[in-house]
Amino acid sequence: MKMLINVPETVVADALRGMAAAHPELNVDVENRVIVRRDAPVAGQVALVSGGGSGHEPLHGGFVGPGMLSAACPGEVFTSPVPDQMARAAAAVDSGAGVLFIVKNYTGDVLNFDMAAELAEDEGIQIAKVLVNDDVAVTDSLYTAGRRGTGATLFVEKIAGAAAAEGQPLERVEAIGRQVNESSRSFGVALSAVTTPAKGSPTFDLPPGELELGIGIHGEPGRERRAMMTSGEIADFAVSAILDDMPARNPVLVLVNGMGATPLLELYGFNAEVQRVLGERGVTVARTLVGNYVTSLDMAGASVTLCQVDEELLRLWDAPVRTPGLRWGM
Amino acid sequence: MLDADFFRRWVAATAASVDREAERLTALDSAIGDADHGSNMQRGFKAVTAALEKEAPETPGAILMLAGRQLISTVGGASGPLYGTLLRRTGKALGDAAEVTEAQLAEALRAGVEGVMVLGGAAPGDKTMVDALVPAVDALGDGFAAARTAAEEGALATVPLQARKGRASYLGERSIGHQDPGATSSALLIAGLAEASGE
């Protein structure tokens with residue numbers, strides 16, 4: 001598989017150097033792998049720190065900036081960052097108002113953020129944590145590591161970031177983050193497997209006429225494989241899987257998210273089908289976002305995330321944001 | 001008695017086998033995980049080797065504590081904290097003795113494995129590193145070669161299991177029929193003990 005890289009060992013560092021050059025408003029520490037708002041710490045504001053494996057760009061580094069994250073910690077490709085990174089980020093962004101860790105529910109992320117929280121608390125930094133676990137494709141039981149964190153991460157980071165920017169206290173920003181997660185569900189499909197730089201070939205074998213339903217964002221296969229379906233059939237399947245798990249009583253934010261290798265033309269077409277299904281199911285759509293936000297390297301496919309919002313969450317969603325990956329109102 | 005040289009040989013032998021087997025670990029991880037276990041462990045043990053050379057710790061306990069800290073700081077994923085905790089707990093249990101007996105090492109390693117089980121929440125049969133480590137520690141009383149055999153058999157025995165922890169658990173029944181990459185790298189760590197002892 002051809003890739004636009006030098007060598008697999010330096011892909012993350014190379015991308016960070018490029019990001020530093022493109023975004024002078026961010027302080028990109030290539031050696032220690034921490035991306036920080038240049039104006040951090042912001043006096044009187046709770047700081048938000050997230051992170052995770054690389055390969056999901058623009059998540060998380062592309063969401064650093066006013067109205068969203070204060071700092072992000074990129075790990076190796078599909079590998080959670082190490083505790084030292086988050087501890088360093090927390091120290092760089094804490095204004096004294098405390099730091100909220102936003103953690104996607106993967107065993108590695110949870111363990112490393114927990115260790116980082118201990119390190120930061122030893123330095124006198126107040127840490128709170130929101131775990132994102134929105135993927136309905138995984139059975140949430142004692143027999144799995146629990147539901148994965150996927151598309152809802154964007155909603156949590158944006159909405160909690162807006163609450164922090166308003167000067168709300170740590171307990172409140174944490175509560176809002178949890179509310180967003182609890183009100184969100186996602187479902188994803190893959191049309192092709194992902195190729196990691198380290199491996200150089202697809203991580204699983206997906207024949208041309210088939211698709212994987214219920215995939216994650218790390219190249220892990222899904223729960224079920226079927227003969228290829230149309231955009232409309234996929235929308236029916238994905239939206240039903242979500243609404244069966246979380247009946248929508250409130251208006252929803254819709255994220256139709258590309259996995260990396262699916263063109264926007266297809267994503268918009270898929271969104272039309274998603275909106276059709278939501279209409280048929282009587283769900284009111286408050287806002288829709290279509291694009292590549294929580295990706296999985298070069299995987300083809302898409303995910304749908306719905307987040308039920310009340311007036312406050314919708315106001316916070318609409319609040320100004322200025323990051324490389326998401327920008328409006330400022 | 002096992003002196004600091006024995007523990008340096010153990011770490012070096014493990015680093016060499018992780019390096020040799022990196023592609024196989026990544027291939028196993030590709031089937032039921034995310035295809036990076038080999039490269040992550042390789043990066044970690046490279047850092048461990050460099051740190052041991054630079055800081056030159058002199059006791060068995062200090063060697064394992066330093067190795068564990070390096071793994072936590074460089075591996076990432078779940079493997080970093082889990083392997084790091086395994087070596088740190090084991091090292092801590094050995095204290096600052098210049099030499100330790102095989103029985104003391106077995107007892108310390110048991111404490112390390114218990115640390116892994118608490119941190120990861122995994123029990124035997126969940127298709128994780130624990131499935132190689134627990135039988136190995138149980139067999140240590142019969143010598144390092146017996147522990148190596150037990151760990152390798154434990155890793156092989158993960159093939160028919162359904163994963164209940166870690167990323168492989170997302171696959172449900174589709175995780176059955178594959179050997180667990182973490183149990184496989186754990187068997188390499190235990191094989192390193194046998195190699196260091198010449199057994």
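The chains referred to below are lettered A, B, ... by the order of the sequence lines, with proteins before strands, and numbering in each begins at 1. For clarity, every value in this text was computed on a predicted model and none was experimentally measured.
Contacts between B/Ser39 and chain A at a heavy-atom distance below 4.5 Å involve the side chain alone, from C-beta outward. Heavy atoms of A/Val77 lying under 4.5 Å from chain B belong exclusively to its backbone. Contact of B/Thr85 with chain A is made through the side chain alone, with heavy-atom distances under 4.5 Å. Interface residue A/Glu224: only backbone heavy atoms are found under 4.5 Å from chain B. Contacts between A/Asp84 and chain B at a heavy-atom distance below 4.5 Å involve the side chain alone, from C-beta outward.
The distance between the ring centers of A/His56 and A/Tyr293 does not fall below 6.0 angstrom.
Taking B/Ala31, B/Gly80, B/Ser73, B/Ala35 one by one and counting their heavy-atom pairs under 4.5 Å with chain A, the maximum is reached by B/Ser73. Counting heavy-atom pairs under 4.5 Å between each of B/Gly76, B/Gly77, B/Ser30 and chain A puts B/Gly77 at the top. Note: A/Leu111 leads A/Val110, A/Leu111, A/Thr107 in heavy-atom pairs under 4.5 Å with chain B. When each of B/Ile72, B/Thr26, B/Asp29, B/Thr74 is scored by its heavy-atom pairs under 4.5 Å with chain A, the top score falls to B/Ile72. Comparing B/Ser175, B/Gly120, B/Gly172, B/Ala168 by how many heavy-atom pairs each has under 4.5 Å with chain A, the most go to B/Gly172.
Panel note: side chain B/Thr59, backbone B/Ala62; a donor-acceptor pair is recorded below 3.5 Å.
Under 3.5 Å, the side chains of A/Asn292 and A/Asn257 contain no donor-acceptor pair of N or O atoms.
Closest heavy-atom contact between B/Ala187 and B/Ala155: CB-CB, 4.4 Å.
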Decide yes or no on side chain to side chain contact (heavy atoms under 4.5 Å, CB included) for A/Thr295 and A/Met259, but give the supporting numbers first. CA-CA 4 Å; A/Thr295 61; A/Met259 286 295 163; 5.8 Å; no

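Ionic pairing of B/Arg110 and B/Asp138 is present here: one or more N-O contacts between side-chain nitrogen and carboxylate oxygen are shorter than 4.0 angstrom.
Judged by the 6.0 Å distance and 45° axis criteria, A/Arg148 is not positioned over the aromatic ring of A/Tyr106.
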